[in-house]
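Single-structure report; data block below.
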Amino acid sequence: MKRPPLVLVLVAIVMIALGETSGALMSLGKSPIGAYARARIAANAPAHGLTGSLEYDDEIRARTTFATEAGLSFFHTHAEGVGLIVLFVSTLVASVTTWRTARRALYTLIAIGGLFPLGYLVYGFAALELGRDAAIELAETWILTPLGSGMIAGALGAAAVLAIRLVRRARA
Amino acid sequence: MPADRTTEPAPTTWTLPPLGALLVAIVLIACAEIGGAAMVRFKIDLARWARSTMLRHPAVHGLVGVRDVDEQVLDEALVKFDAGLRLFHMHAEGMGLVIIGTTMVAVTLTASPVSRRVIVLLLTIGGAGYPLGYLAWSALIPYHGIERGKTLAEWFCWGPFGGATIVAMWWLTAVVAARMVRR
């Protein structure tokens, strides 16, 4: 199998490394993360709509901290998985795509898509700064949707290349 | 004089990782599959075993003999017991693939034979040992409780094996980045 360009290998390896490191930090630093989350929520009280009512504010704090932990958890799982997808799909593209322009376009889409898990990290931290709903909107609009679309387009493109090869082989 | 491989261009094809690493990865994936199937097939037997073992160690779990209180404690421990098995299943499948992919990158792009061997070794041992921590945690819960079981798993599996994998991954990142810079 042919090796894809080093930049794609680097994206894959960095994402897997980040995924593993974030998993370790999540389990080692659950208390520090919770304390940091509570401090940031307090510092951004208007964004979270804190009212001064203990019961209501506690519910918001718990919900926002959960959103941050969920963002980290999604980042951990997606980064490991997407890193492998970048490695294997780009290897497939390198090995079966003979048309240079198509190969470059697919590499670009896969590299962009490989950064998609970062959206969950942004979501986790933006939830503390901007509030949960604003964080979801930010991450979905600017990171998860465009970068995720890149990965979808890259995977569909690779599938199309394989399908074309199959048809050509059947005709030959 | 032998050529300095660090200045050679990166190979354009992948090199097959050592068979030992591949064997470990495939066995790990197979164990994960078996673990998943066993969780479904023996779900009731496993829960019964865990429950009866916990009842034989009441002090460890803080059981007081009051049914309402004890049932809540046992239920929580059983949920964690089941979570440990599920996390083993998930992580073993994932880490099996991570071992295959990352050792392939390591043997292809790491120029120094010593670095290559150490990275492959760390990735293989770390990747295989880390998921076993979840299995160990599950097995330890009935005997040592949730928190003590977690501490033991952290000390003997997650810390050393997870640490080995993380060190190897960042080392490999540096190797690939250095290759790009030298190009």
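Chain letters run A, B, ... following the sequence lines, proteins first and then strands; every chain starts at 1.
- Nearest heavy-atom pair, B:G94 versus A:L84, reported as atom, atom and distance to 0.1 Å: O-CD1, 4.2 Å.
- Annotation: A:E137, atom CD; neighbour count of heavy atoms from other residues, nucleotides and ligands within 6.0 Å does not exceed 12.
- Contact count against chain A (heavy-atom pairs under 4.5 Å) is highest for B:V98 among B:V175, B:L97, B:V98.
- Atom CH2 of B:W155 has 12 or fewer heavy atoms from other residues, nucleotides or ligands within 6.0 Å.
- The CE atom of B:M169 sits 8.5 Å away from the OG1 atom of A:T21 when rounded to the nearest 0.5 Å.
- Of the possible polar contacts, none joining the B:R179 side chain to the A:L6 backbone as a donor-acceptor pair under 3.5 Å is found.
- Considering all non-hydrogen atoms of both residues, B:T173 and A:A17 come closest at OG1-CB, 4.1 Å.
- By the 4.5 Å heavy-atom criterion applied to side chains, A:E20 and B:M95 are counted as neighbours.
- Nearest heavy-atom pair, A:A24 versus B:I166, reported as atom, atom and distance to 0.1 Å: CB-CD1, 3.6 Å.
- Comparing A:R3, A:K2, A:E80 by how many heavy-atom pairs each has under 4.5 Å with chain B, the most go to A:R3.
- Hydrophobic cluster membership is shared by B:I99 and A:M1, with clusters built from Ile, Leu, Val, Met, Phe, Trp and Tyr side chains linked at under 4.5 angstrom.
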Candidate pair A:I13 and B:W170, rule side chain to side chain contact (heavy atoms under 4.5 Å, CB included), full reasoning: CA-CA 8 Å; A:I13 295 299; B:W170 286 112; over 6 Å; no
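- Between A:S27 and B:W158, the side chains place no donor N or O within less than 3.5 Å of an acceptor N or O (distance only, hydrogens not considered).
- When every heavy atom of B:G101 is checked against every heavy atom of A:F88, the shortest pair comes out as CA-CZ, 4.0 Å.
- Counting only heavy atoms from C-beta outward, the side chains of B:W14 and A:S95 never approach each other to under 4.5 Å.
- Follow the hydrophobic side-chain contacts under 4.5 Å out from B:L109 and you reach B:V118 in the same cluster.
- By number of non-hydrogen pairs under 4.5 angstrom with chain A, the leading residue of B:A168, B:A10, B:G163, B:G159 is B:A10.
- Looking at A:L10, the atoms closer than 4.5 Å to chain B (heavy atoms on both sides) sit in the backbone and in the side chain alike.
- Counted within 6.0 Å of CD on A:E59, heavy atoms from surrounding residues, nucleotides or ligands total 12 or fewer; the atom is thus considered open.
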